[in-house]
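Per chain, numbering begins at 1; letters A, B, ... match sequence-line order. Values below: all heavy atoms of this structure, side chains included; hydrogens, waters and symmetry mates excluded. Here the structure is a predicted model, which means the values were calculated and not measured.
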Protein chains: 4
Amino acid sequence: MKKSRPKYMQIIDAAVTVIAENGYHQAQVSRIAREAGVADGTIYLYFKNKEDILISLFEEKMGTFIEKIDSMIAGKETAAEKLLLLIDSHFRMLSDNRGLAVVTQLELRQSNKELRQKINEVLKGYLKVIDHILLEGKQNGEFSETLDIRLARQMIFGTIDETVTTWIMNEHKYDLAALSATIHNLLLNGCGAHAARPSIGKIE
Amino acid sequence: MKKSRPKYMQIIDAAVTVIAENGYHQAQVSRIAREAGVADGTIYLYFKNKEDILISLFEEKMGTFIEKIDSMIAGKETAAEKLLLLIDSHFRMLSDNRGLAVVTQLELRQSNKELRQKINEVLKGYLKVIDHILLEGKQNGEFSETLDIRLARQMIFGTIDETVTTWIMNEHKYDLAALSATIHNLLLNGCGAHAARPSIGKIE
Amino acid sequence: MKKSRPKYMQIIDAAVTVIAENGYHQAQVSRIAREAGVADGTIYLYFKNKEDILISLFEEKMGTFIEKIDSMIAGKETAAEKLLLLIDSHFRMLSDNRGLAVVTQLELRQSNKELRQKINEVLKGYLKVIDHILLEGKQNGEFSETLDIRLARQMIFGTIDETVTTWIMNEHKYDLAALSATIHNLLLNGCGAHAARPSIGKIE
Amino acid sequence: MKKSRPKYMQIIDAAVTVIAENGYHQAQVSRIAREAGVADGTIYLYFKNKEDILISLFEEKMGTFIEKIDSMIAGKETAAEKLLLLIDSHFRMLSDNRGLAVVTQLELRQSNKELRQKINEVLKGYLKVIDHILLEGKQNGEFSETLDIRLARQMIFGTIDETVTTWIMNEHKYDLAALSATIHNLLLNGCGAHAARPSIGKIE
DNA sequence: GATGAATGAGCGTTCATTCAT
DNA sequence: GATGAATGAACGCTCATTCAT
């Protein structure tokens with residue numbers, strides 16, 4: 001429907017740009033409209049209100065990302081490989097799109113509780129992907145059979161999230177994607193992976 | 001100093017109460033003043049501006065917490081024990097003070113970038129405590145000698161933080177402190193601790 | 001002429017329906033268009049602007065009413081009979097068409113001064129009918145020969161109008177048309193009619 | 001309380017001036033504030049919102065008027081005299097305060113249904129005064145013993161209201177107060193007063 | 001004639017901060 | 001030191017109207 005219209009994505013991309021450049025609280029609707037090259041009122045033909053722009057932004061960008069990860073992961077055999085791919089894709093996506101990184105890691109978190117709860121709904125899709133990897137790893141013996149999946153997932157997501165946030169707070173001074181292998185190793189150990197055997201070559 | 005006057009802490013505690021009950025965006029200066037039992041203008045005799053209240057809040061509460069941890073940790077011998085104490089104290093402090101937990105984990109993160117950067121300054125003290133534990137663990141052979149301290153610290157802090165946030169988002173439905181041992185184990189593994197041997201009794 | 005096209009009346013009737021159901025301030029052009037089953041832009045092929053719809057609405061509905069009254073009155077002999085017919089027709093028309101009653105008595109009065117002045121132009125036709133009745137009554141001796149026609153007309157119109165408005169504000173709880181005879185009697189007295197003699201049968 | 005502060009009446013008077021000069025829809029809060037010589041925000045120390053200004057305006061001005069009428073009327077003996085005083089005071093008040101006349105007769109009626117209903121609440125006090133006069137007149141034999149008080153009140157109020165509105169629509173071209181005696185006479189007749197006897201001298 | 005997507009001006013209200021008392 | 005009345009900048013959203021198709 002409306003999502004097929006070019007202006008829909010145009011406005012979302014304008015929102016990312018404006019928020020990344022000026023911060024969440026400086027992202028007035030009129031500024032987003034100007035950046036998108038449309039009139040203020042046009043925004044409201046595609047979005048219910050300002051909050052709807054931000055939720056849609058997150059849904060579109062994160063949704064696309066989750067789908068990509070999902071299909072890429074399908075091609076890997078071991079849970080360890082899948083986890084590495086997830087971490088690495090996550091880091092690469094944000095490295096390649098620093099505006100989006102700032103928006104999702106810092107700016108959007110300044111929103112009110114309701115918006116943040118909706119963002120969390122979207123994130124659940126991502127957390128499910130992690131859970132699948134963990135479950136598979138437990139079942140095929142890669143990970144400890146006593147692993148608490150919920151807590152392990154919190155470790156994985158928390159570590160990735162904190163790593164990205166720190167990188168941004170340090171103004172992207174170093175190469176985020178270069179950390180993938182080390183982080184992967186930390187997390188694998190955390191999951192009780194049989195450290196020496198599966199890791200071959202470049203990962204360690 | 002102004003900090004020695006009773007009204008200083010009175011205002012900070014009022015801020016915690018007001019933010020915990022009504023959320024960051026409902027925490028108007030006049031409401032904090034009413035809760036503290038002072039006039040609006042009085043706030044500005046003790047704090048430069050509203051942001052200053054929130055930074056001071058974080059400094060006072062987190063500062064006290066870091067000092068406590070630091071002195072408690074001094075009594076423990078191994079890095080593993082210190083880490084367990086840190087995790088457990090962290091979880092217990094927030095379990096025992098849910099208002100403060102909501103304020104620091106959710107509400108204060110809605111503030112703008114500048115405020116969050118100052119909050120990060122305060123957090124650095126906490127991160128240093130973690131770094132000390134990790135360094136000690138590496139030096140005395142408890143942890144892997146190739147451990148990247150910065151990334152391990154991000155894993156530890158990120159995992160703790162995500163665990164607390166998830167607990168709050170689930171409206172404290174379960175016992176946070178009960179997770180200490182399991183989280184500790186995950187993180188120890190992550191750090192390459194010689195899993196089986198050192199953990200005795202209740203940790204595993 | 002444009003007025004001859006079917007969509008002209010279709011839009012006016014849609015306007016009455018929309019205003020009656022949702023009130024003046026909720027009667028957006030796009031809503032009227034939807035109710036009329038035409039596109040927004042089509043409205044502007046038949047009406048200069050929104051105000052023009054409302055004026056035309058009043059002209060059409062009130063104009064029709066005045067013509068009806070005029071021809072009906074012609075069949076009556078005395079001024080008193082004509083006045084009764086006028087009051088009774090007025091009450092019946094609005095009783096039978098409550099949507100229109102709400103629109104003309106309440107909603108349209110929320111319009112701005114210019115629109116209300118144009119509505120008054122239309123009303124002048126109605127006031128002229130009243131004036132004719134009064135003049136005839138004075139001339140044939142039914143009414144006081146000192147009667148001030150302008151003021152008597154204001155009394156008649158003001159009384160009818162206030163009676164209808166009160167009826168609507170009371171949510172049509174009682175039968176408006178049942179008041180015709182009593183109101184007629186009050187107004188006849190006001191006009192100095194020789195009370196006892198001319199009123200025969202049902203009027204008193 | 002707040003009503004005792006001088007700024008309360010200052011803002012109400014500013015509202016009358018601004019609405020009278022520019023019309024209801026041009027009466028922005030900021031314009032009223034400027035006219036009152038206060039900051040926009042100050043308005044909200046004395047009034048809940050814009051609507052509250054207008055209701056208060058009506059309550060203050062009409063409330064004062066009703067009290068005045070009530071006490072003046074107490075000094076008159078007959079219902080006829082009381083009615084004359086009421087009409088004459090009504091006309092004089094609005095003649096002496098043409099801005100207020102425009103505001104209450106034309107502009108305030110453009111407000112939405114809720115505001116108009118609150119205005120009607122205030123008006124009920126005025127209608128009660130009329131009802132008292134009518135009841136007294138019926139009881140002491142001045143008026144017809146079959147007089148329907150509700151309808152007679154609608155005639156009296158409707159006639160006065162229509163007379164004032166016509167005067168304003170004619171841009172105050174003639175002397176409104178000069179009509180008091182004639183209107184009084186019309187209404188007395190309407191009420192079935194024994195025409196010849198009670199009216200002495202100046203009334204007719 | 002008919003459409004409907006796009007336009008953009010306009011405004012009530014909040015609240016951090018000041019300063020005369 | 002303490003007060004609290006006053007300030008005024010800032011912004012999301014609606015809807016009558018246009019015009020390219």
Side-chain angles (χ1 to χ4, degrees), chain A residues 2 5-8 10-11 25-34 36-54, chain B residues 2 5-7 11 25-34 36-54, chain C residues 2 5-7 11 25-34 36-54, chain D residues 2 5-8 10-11 25-34 36-54:
Chain A
K2 285 184 173 177
R5 317 304 318 286
K7 288 192 178 161
Y8 178 82
Q10 206 169 314
I11 291 165
H25 285 109
Q26 284 309 303
Q28 297 93 337
V29 171
S30 61
R31 213 192 266 242
I32 295 173
R34 198 187 320 132
V38 301
D40 291 19
T42 305
I43 299 270
Y44 293 88
L45 296 176
Y46 296 91
F47 300 91
K48 217 164 77 269
N49 49 36
K50 184 179 176 179
E51 193 180 60
D52 191 30
I53 307 176
L54 305 177
Chain B
K2 284 184 176 174
R5 313 306 312 280
K7 286 188 181 169
I11 291 166
H25 285 109
Q26 285 310 305
Q28 298 89 342
V29 172
S30 62
R31 209 192 266 245
I32 294 173
R34 198 187 322 130
V38 301
D40 292 19
T42 306
I43 298 268
Y44 292 88
L45 299 174
Y46 294 91
F47 300 92
K48 214 163 80 270
N49 49 36
K50 185 181 178 178
E51 194 179 63
D52 190 27
I53 307 175
L54 305 177
Chain C
K2 286 186 175 173
R5 313 306 314 273
K7 287 190 180 168
I11 291 165
H25 288 291
Q26 286 310 305
Q28 296 90 340
V29 171
S30 61
R31 210 194 267 244
I32 295 173
R34 198 188 321 133
V38 300
D40 293 17
T42 305
I43 298 270
Y44 292 86
L45 299 173
Y46 295 90
F47 300 92
K48 215 164 79 267
N49 49 35
K50 185 180 177 179
E51 194 178 63
D52 190 28
I53 307 175
L54 305 176
Chain D
K2 285 184 173 175
R5 318 305 314 290
K7 287 189 178 163
Y8 178 81
Q10 208 169 311
I11 292 166
H25 285 109
Q26 284 309 305
Q28 298 92 337
V29 172
S30 62
R31 214 193 266 243
I32 295 173
R34 199 188 318 132
V38 300
D40 291 18
T42 305
I43 299 270
Y44 293 88
L45 296 176
Y46 296 91
F47 300 92
K48 215 162 80 270
N49 49 36
K50 184 179 178 179
E51 193 180 62
D52 190 30
I53 307 176
L54 304 176

Open item on the list: Quick check for you: to the nearest 0.5 Å, what is the distance between A:I53 atom CD1 and A:Y44 atom OH?
Closed with: 6.5 Å

Task: D:K50 vs B:Q26, nearer the 5' end of DNA chain E by closest nucleotide - done: D:K50

Open item on the list: Run the side-chain contact (heavy atoms from CB on, under 4.5 Å) test against B:N49 and tell me which residues pass, sequence neighbours left out.
Closed with: B:E51, B:D52

Open item on the list: Rounded to whole Å, how long is the line connecting atom CZ of A:F47 with atom C1' of F:dT14?
Closed with: 18 Å

Open item on the list: Run the side chain to side chain donor-acceptor pair (under 3.5 Å) test against A:Q28 and tell me which residues pass, sequence neighbours left out.
Closed with: A:R31

Task: Rounded distance (Å) that lies between atom C1' of F:dG1 and atom OH of B:Y44 - done: 17 Å

- [ ] Go ahead and write out DNA chain F as dot-bracket, 5' to 3': ( ) for pairs within the strand, [ ] for ones crossing earlier pairs, | when the partner sits on another strand, dots for unpaired; Watson-Crick or G-U wobble, both distances under 3.5 Å.
- [x] .||||||||||||||||||||

TODO: Taking all non-hydrogen atoms of both residues into account, name the closest pair between D:I11 and D:I32 and its distance.
DONE: O-CG2, 3.9 Å

Open item on the list: Once you apply a heavy-atom cut-off of 4.0 Å, does A:V29 come out as touching a base, just sugar-phosphate, or nothing?
Closed with: sugar-phosphate

Task: Nearest-angstrom distance from the residue atom CG of A:N49 to C1' of F:dC11 - done: 14 Å

TODO: Let me know, please, whether C:E51 or A:Q28 comes out on the 5' side of the other along DNA chain F by nearest nucleotide.
DONE: A:Q28

- [ ] Write down the distance between CG (A:D52) and C1' (F:dG12), rounded to a whole number of angstrom.
- [x] 14 Å

Task: Interatomic distance, A:H25 NE2 vs E:dC15 P [rounded to whole Å] - done: 13 Å

For nucleotides 3-6 of chain F, which of its nitrogen or oxygen atoms have a protein nitrogen or oxygen under 3.5 Å away, and what is each distance?
residue : atom : partner : partner atom : Å
F:dT3   : OP2  : B:A39   : N            : 3.0
F:dT3   : OP2  : B:T42   : OG1          : 2.5
F:dG4   : N7   : B:G41   : N            : 3.1
F:dA6   : OP1  : D:K7    : NZ           : 3.1
F:dA6   : OP2  : D:Y46   : OH           : 2.6

TODO: Rounded to the nearest angstrom, tell me the gap between atom NZ in B:K48 and atom P in E:dA16.
DONE: 16 Å

